[in-house]
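Start at 1 with the first residue, then count along the sequence.
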Amino acid sequence: MRKNNYDVTYEGKEYQFVYKRNYYGFRGDEVPLEKITAIFMGGSTADERYKPESFTITEFINKKIINKTSNIKLFNAGIEGQSTRGHMANLKFWFPKLKNFKPKYLIYYIGINVQYLK
C-alpha cells in the first residue's frame, strides 16, 4: 500500500532504495498469505523504514535461520509508533481479516513505545 523512495547514508555508505509495504501491510514484496510462517512485530525499531531491507533485523534473522531450516521465513509486520496496545489490536483487528494467514511464529520486538502506557 506504500512505496517510498529513499536516499540514505548507512554506516558511511550511500544507498538508494524503495521502502515498500505490500497489499496486506507487511514490509516488502507481495507474498501469498499462506506462505507466511513467521512475523516480526514491533515499532519503528522493527519496521526500520530508513534502512535498506537487507540491513533490517528481520533480514538478519532470515539469513541466520535459512542455514538451519528452509521452511521458515520471517516477514516484517513492524509499524512505526506501535505500542503493546497496537500489537494487541493487530491480533484483534488486522490479522483476522487476512484470509489464509496462519503464521506459526510471532516475534515481538517491544520497548520504547511501551514506556508511556499506564
Side-chain angles (χ1 to χ4, degrees):
M1 297 268 221
R2 290 185 173 181
K3 191 174 180 181
N4 295 20
N5 295 316
Y6 287 102
D7 295 324
V8 298
T9 302
Y10 180 68
E11 294 186 348
K13 293 185 182 177
E14 304 230 354
Y15 296 91
Q16 293 181 333
F17 69 98
V18 178
Y19 170 86
K20 293 186 275 188
R21 287 217 166 252
N22 68 25
Y23 177 79
Y24 300 108
F26 299 102
R27 183 174 176 172
D29 294 325
E30 296 300 325
V31 63
L33 290 175
E34 58 272 7
K35 294 200 179 233
I36 297 177
T37 55
I39 59 171
F40 187 72
M41 298 175 65
S44 58
T45 54
D47 182 17
E48 299 183 279
R49 173 185 299 263
Y50 303 104
K51 283 186 188 175
E53 196 165 354
S54 61
F55 295 122
T56 63
I57 295 168
T58 305
E59 288 307 308
F60 280 120
I61 294 171
N62 278 329
K63 288 174 190 169
K64 294 286 185 185
I65 62 177
I66 197 71
N67 294 329
K68 308 250 185 256
T69 179
S70 61
N71 62 347
I72 297 173
K73 182 177 183 211
L74 195 59
F75 289 85
N76 191 328
I79 299 172
E80 288 186 342
Q82 186 102 86
S83 67
T84 302
R85 284 188 186 151
H87 301 314
M88 300 307 291
N90 290 343
L91 295 172
K92 187 174 180 181
F93 301 110
W94 177 17
F95 300 149
K97 292 179 181 177
L98 304 178
K99 188 177 179 182
N100 298 323
F101 179 66
K102 295 180 173 98
K104 292 180 182 180
Y105 307 98
L106 304 174
I107 298 173
Y108 289 90
Y109 188 51
I110 58 174
I112 192 78
N113 297 323
V114 177
Q115 70 179 336
Y116 300 109
L117 296 178
K118 293 186 182 191

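- Neither I61 nor Y108 shares a network with the other; the hydrophobic side chains, linked directly or stepwise wherever heavy atoms of I, L, V, M, F, W or Y lie under 4.5 Å apart, form separate groups for each.
- Residues D29 and K20 are in side-chain contact: their nearest non-hydrogen atoms beyond the backbone lie under 4.5 Å apart.
- When all heavy atoms of G78 and A46 are compared, the pair lying nearest together is CA-CB, 4.1 Å.
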Take K3 and V18, measure what side-chain contact (heavy atoms from CB on, under 4.5 Å) needs, and give me the verdict at the end. CA-CA 7 Å; K3 191 174 180 181; V18 178; 3.5 Å; yes
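- In this structure, F95 and F26 have parallel ring planes: the angle between them is below the 30° cut-off, well short of the 60° mark.
- The CZ atom of R49 sits 6.0 Å away from the CG atom of N4 when rounded to the nearest 0.5 Å.
- For E30 (side chain) and Y23 (main-chain N/O), a donor-acceptor pair under 3.5 Å exists by modelled atom type.
- A distance of 12.5 Å separates NZ in K102 from CD1 in I36, rounded to the nearest 0.5 Å.
- In this pair, Y6 and Y50 present their aromatic rings perpendicular. The plane angle is above 60°, beyond the 30 to 60° band.
- Atom CZ of F75 and atom OH of Y24 lie 12.5 Å apart (nearest 0.5 Å).
- Put simply, the side chain of S44 never gets that close to the backbone of G81: no donor and acceptor are under 3.5 Å apart.
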Show the numbers, then the answer: is there a side-chain contact (heavy atoms from CB on, under 4.5 Å) between I57 and K51? CA-CA 10 Å; I57 295 168; K51 283 186 188 175; 5.6 Å; no
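- Residues E48 and T58 approach most closely at OE1-N, 4.5 Å, considering heavy atoms.
- Hydrophobic clustering, with ILVMFWY side chains joined whenever heavy atoms are under 4.5 angstrom apart, keeps L33 apart from F40.
- Residues forming a side-chain contact (heavy atoms from CB on, under 4.5 Å) with K35 (at least two apart in sequence, or on another chain): V31, P32.
- The cluster map of Ile, Leu, Val, Met, Phe, Trp and Tyr, joined by side-chain heavy atoms under 4.5 Å apart, puts M88 and L98 in the same cluster.
- When hydrophobic clusters are built by joining Ile, Leu, Val, Met, Phe, Trp and Tyr residues whose side-chain heavy atoms come closer than 4.5 Å, directly or via intermediates, Y109 is grouped together with I72.
- I110 is not connected to I107 by any chain of hydrophobic side-chain contacts under 4.5 Å among Ile, Leu, Val, Met, Phe, Trp and Tyr, and they are in different clusters.
- Rounding to the nearest 0.5 angstrom, the gap separating the CD atom in E14 from the CG atom in D7 is 7.5 Å.
- Within the model, atoms CG of N76 and CZ of R21 stand 6.5 Å from one another, a figure rounded to the nearest 0.5 Å.
- The shortest heavy-atom contact between I66 and K63 is CG2-O, 3.2 Å.
- Interatomic distance, L74 CG to L106 CG, rounded to the nearest 0.5 Å: 10.0 Å.
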Working note: V8 + Y19, criterion side-chain contact (heavy atoms from CB on, under 4.5 Å); need CA distance, chi angles, decisive distance, verdict. CA-CA 12 Å; V8 298; Y19 170 86; over 6 Å; no
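- Counting heavy-atom neighbours within 6.0 Å of Y105 OH, excluding the residue itself, gives a total of 12 or less.
- The neighbour count for K104 NZ, taken as heavy atoms of other residues, nucleotides or ligands under 6.0 Å away, does not exceed 12.
- Formation of a donor-acceptor pair under 3.5 Å by the R27 side chain with backbone atoms of D47 is found in this model.
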